[in-house]
Visitor: 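Starting off with a structure, shown below.
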Amino acid sequence: MYDITIQNAVIIDGAGLPAYRADIAIKGDRIAAIGKLNAKAKRTISARGLTVIPGIIDPHSHADLILPLAPKRQTELMRCKLAQGVTTTIIGNCGLGCAPVANDDAQVVLRAVNAWMTPEPVEWKWRTVGEYLDRIESNGLAMNIAALAPHGPVRISAMGLAKGSPSKSQMKKMRAMVELAMKDGALGLSTGLIYPPGMYSDTGELKELARVVADYGGVYTSHIRGSSETLIPAVKELLEVGRETGVRVHHSHNEAVGREHWPKIDRVLAMEEEAERDGLRVSFDMFPYTAAATMMIAIYPPWALEGGVDRLIERLKDQKTRRRIERDVERKTPSWPPWREHGWPHNLVGATSWDAILIGYVESRQNKRYEKRSLADLARLTGKKPFDAISDLIVEERGQVSMLIFEISGERDGRELLGKYARHRLSAFCTDAEDYGRGLPHPAAYGAFARILSKYVREDRALTLEEAVRKMTSYPARIFGLKDRGVIRPGAFADLTVFDPGRVNDRASFEKPRREATGIEMVMINGRVAFENNQASDKLPGSVIRSII
């Protein structure tokens, strides 16, 4: 007897093959059989009029400090992903994360760096990636989790938030930490090269660590140096790391920030296509929105961030130093290489404008009225210049301010540039967004995959349903080495999403970002129902997926 049968389903297998009609039988956590089945099951589910696809894989998540929370709270914050059909998510992206951490001093720095993605206080009962994965696994998981080793904690553990190249001993420590992370089950290494401390690393350092990852068959992912003035050399650097080390490379949230830089998209895609034709294993992901979410301190130049948030605040309190920072923000143009003295990978204000950056979250009650306001609005409301208005807010909030930044890969000459990314053969899809239960989340946390299925498949017909599903399932599984995930076939894990293609819709907006997707009828994870009748299960069906070495 099977545990579950799903009858009369239209099946899209995730591999890109045409849809077909059949029944699916599940035994334990695996798909046991597919076909016209008359066998008995403990539960029979009718999928008449519905489509069954593999569970969606989100390759770019920042849920690292949601997962150790109490199970009920974790499920509350992760249900926005379940409600759009996600069954597996990959954490540790952009060089940001909470493991590995070598000592208490490094943990103090990391807590400050990661404060923007910390919903509420949680005890850090780990040092290594393996200990962190054990911790969240024993805690119970609302969905499957796989992890990258983030470069930031590795470098902070070796040399704090200092600029410059690591010494031989520091590099030895960093290599050893990356190697242990890979042995612990990390899928690879991620870097965030517009954030401290990644912005202080040169290409040689990245290659040294990527060689360790290559030795273990992992993937090197990167939030590259910049997506405006430095976009082209930043992509060249990513491809150079892959060519010289043999590591698989993945361009995180491929984008161009600022209208004048949108024409560079064609060049970037051509560079990555050429590299792939030459034998480099290269891929990228994208989110289907023209705004991104991150921490507000990213608007400041690298020298102002050296030493961490507390040092930034000290500098902003000193009027002479503040005016120097302001001149850089208002006038400085990034150039290559950005890690040199006075270099800067990405001036977000210069690439966009004070109007294009919105405040997403602030900690204190008295400043809540500024959430959802642009920095230009903040200036008008406070009677200050935009730079002083946001810098005063950063000081008041001890750096704990998040932002949404617009003018990302928008529309040029009537052509939707996001559609170009979506159709590209090297692209996968991601959310790059979480709901931390406060402020203004990015709507992608609630709607990214539903938006692909509604806008790009059903409305614009930019993609067939089969191809869109492949890019959400088997393709990211292949990129990150997730065995037996992302496909519907006997023996694969029973991660399944059941939905109505005619009704699936993204309802979240920047004004009302917490509106869940519609049309997702059921989500199964490891053979257990995780979401049904608009309710998330409290059974915690997820598991940790470790790389196999």
Side-chain angles (χ1 to χ4, degrees), residues 94-96 151-152 155 159 161-166 171 189-211 220-245 247 249-275 278 280 282 284 292 294 297-306 324-325 327-353 405 407-409:
C94 293
L96 303 168
H151 170 247
R155 184 174 164 112
M159 54 190 298
L161 282 171
K163 293 192 296 184
S165 300
M171 178 54 74
L189 177 74
S190 79
T191 57
L193 304 180
I194 73 162
Y195 304 119
M199 58 170 52
Y200 306 132
S201 304
D202 61 22
T203 309
E205 177 184 325
L206 305 181
K207 290 176 184 176
E208 278 289 300
L209 299 179
R211 287 188 180 96
Y220 170 85
T221 77
S222 188
H223 182 148
I224 60 173
R225 297 278 179 193
S227 301
S228 300
E229 289 87 356
T230 62
L231 175 57
I232 300 303
V235 172
K236 286 181 180 178
E237 179 183 52
L238 173 66
L239 300 178
E240 180 184 331
V241 169
R243 287 189 178 104
E244 294 198 14
T245 67
V247 76
V249 295
H250 183 77
H251 183 167
S252 294
H253 44 63
N254 203 334
E255 63 195 10
V257 178
R259 294 173 184 273
E260 68 178 282
H261 303 289
W262 294 347
K264 296 176 182 177
I265 289 173
D266 291 337
R267 174 84 184 281
V268 167
L269 295 178
M271 291 165 61
E272 294 178 343
E273 288 169 6
E274 181 181 5
D278 290 343
L280 182 64
V282 58
F284 68 85
T294 189
I297 63 168
I299 71 171
Y300 294 103
W303 67 266
L305 297 170
E306 185 181 6
R324 180 186 166 198
I325 298 171
R327 285 193 297 272
D328 278 3
V329 171
E330 294 276 12
R331 304 175 191 173
K332 195 171 184 65
T333 300
S335 60
W336 198 268
W339 56 83
R340 289 183 179 169
E341 191 70 21
H342 308 302
W344 195 354
H346 204 181
N347 184 341
L348 294 173
V349 174
T352 58
S353 69
I405 181 164
E407 292 198 9
I408 293 179
S409 307

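Just so you know, these numbers use all the heavy atoms, side chains as well, and skip hydrogens, waters and symmetry mates.
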Visitor: Can you name the closest pair of heavy atoms from Y195 and C94 and give their distance?
Guide: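 Heavy atoms of Y195 and C94 come nearest at CD1-O, 4.1 Å.
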
Visitor: Between E229 and T333, which heavy-atom pair has the shortest distance, and what is it?
Guide: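 It is CG-CG2, 3.7 Å.
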
Visitor: Working to the nearest 0.5 Å, report the span between CZ of R225 and CG of L206.
Guide: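 R225 atom CZ to L206 atom CG measures 5.5 Å (nearest 0.5 Å).
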
Visitor: Could you give the distance from CD (E240) to NZ (K207), rounded to the nearest 0.5 Å?
Guide: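 With rounding to 0.5 Å, CD (E240) is 3.5 Å from NZ (K207).
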
Visitor: Looking at every non-hydrogen atom in both residues, tell me the closest pair between Y200 and P196 and how far apart they are.
Guide: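 Y200 and P196 have their closest heavy atoms at CE1-CB, 4.0 Å.
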
Visitor: So, the side chain of R327 versus the backbone of K332: is there a donor-acceptor pair under 3.5 Å, distance only?
Guide: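 No, R327 side chain to K332 backbone: no donor-acceptor pair under 3.5 Å.
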
Visitor: Which distance, rounded to the nearest 0.5 Å, do you find between the OG1 of T230 and the NE2 of H261?
Guide: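 Rounded to the nearest 0.5 Å, the OG1-NE2 separation comes to 9.0 Å.
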
Visitor: Nearest heavy-atom pair of I408 and A292: which atoms, and what distance?
Guide: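 The answer is CD1-CB, 3.4 Å.
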
Visitor: Is there a side chain to side chain contact (heavy atoms under 4.5 Å, CB included) between K264 and V235 once you walk through the steps?
Guide: CA-CA 11 Å; K264 296 176 182 177; V235 172; over 6 Å; no

Visitor: So, taking the atom named NE2 in H253 and the one named OG in S409, what distance separates them when rounded to the nearest 0.5 Å?
Guide: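 Rounded to the nearest 0.5 Å, the NE2-OG separation comes out at 11.0 Å.
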
Visitor: Out of curiosity, D278 CG to R243 CZ, how far, rounded to the nearest 0.5 Å?
Guide: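 These two atoms lie 6.0 Å from each other.
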
Visitor: Is the shortest side-chain heavy-atom distance between L193 and S222 below 4.5 Å?
Guide: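 Side chain of L193 against side chain of S222, heavy atoms only: contact under 4.5 Å found.
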
Visitor: May I have the step-by-step check of side chain to side chain donor-acceptor pair (under 3.5 Å) for D202 and S165, ending in yes or no?
Guide: CA-CA 7 Å; D202 61 22; S165 300; 3.1 Å; yes

Visitor: Can you check whether H346 reaches M199 side chain to side chain, under 4.5 Å on heavy atoms?
Guide: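 No; the side chains remain at least 4.5 Å from each other.
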
Visitor: Given the rule in the side chain to side chain contact (heavy atoms under 4.5 Å, CB included) test, do W303 and K163 qualify, once you have shown the distances and angles that lead to the verdict?
Guide: CA-CA 8 Å; W303 67 266; K163 293 192 296 184; 4.3 Å; yes

Visitor: Could you tell me whether the side chain of T191 and the main chain of G95 form a donor-acceptor pair under 3.5 Å?
Guide: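 Side chain of T191 to backbone of G95, a donor-acceptor pair under 3.5 Å: no, none is there.
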
Visitor: Between A351 and V257, what is the shortest heavy-atom contact and its length?
Guide: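 Heavy atoms of A351 and V257 come nearest at CB-O, 3.8 Å.
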
Visitor: Step by step, work out the side chain to side chain contact (heavy atoms under 4.5 Å, CB included) result for L305 and I297.
Guide: CA-CA 8 Å; L305 297 170; I297 63 168; 4.1 Å; yes

Visitor: Is any side-chain heavy atom of V268 closer than 4.5 Å to one of F284?
Guide: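 No, their side chains stay 4.5 Å or more apart.
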
Visitor: Between the main-chain N or O of L209 and the side-chain N or O of Y220, is there a donor-acceptor pair closer than 3.5 Å?
Guide: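 Side chain of Y220 to backbone of L209: no pair is present.
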
Visitor: Side chain to side chain contact (heavy atoms under 4.5 Å, CB included) with T221: which residues, sequence neighbours excluded?
Guide: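 Listed in chain order: N93, L148, S190, V219, H250, S252, F480.
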
Visitor: Between W262 and E407, is there a donor-acceptor pair closer than 3.5 Å when you use the side chain of the first and the backbone of the second?
Guide: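 It does hold such a pair.
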
Visitor: Heavy atoms, side chains only, cut-off 4.5 Å: are P302 and P345 in contact?
Guide: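 A side-chain contact exists here, since the closest heavy-atom pair is under 4.5 Å.
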
Visitor: Is there side-chain contact between I224 and E237, with at least one heavy-atom pair below 4.5 Å?
Guide: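 They are not in side-chain contact.
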
Visitor: Are the side chains of L189 and H151 in contact, using a 4.5 Å heavy-atom criterion?
Guide: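 Sidechains of L189 and H151: in contact.
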
Visitor: Is there a side-chain contact between E274 and L239 in this structure, where contact means two heavy atoms from C-beta onward sitting under 4.5 Å apart?
Guide: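 Not in contact.
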
Visitor: Does the side chain to side chain contact (heavy atoms under 4.5 Å, CB included) test come out yes or no for N347 and S228, once each step is laid out?
Guide: CA-CA 8 Å; N347 184 341; S228 300; over 6 Å; no

Visitor: Might you point out which heavy atoms bring D328 and W344 nearest each other, and give the distance in Å?
Guide: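 Looks like O-CZ3, 3.3 Å.
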
Visitor: I need the L280 CG to L238 CG distance, nearest 0.5 Å.
Guide: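 Here the rounded value is 8.0 Å.
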
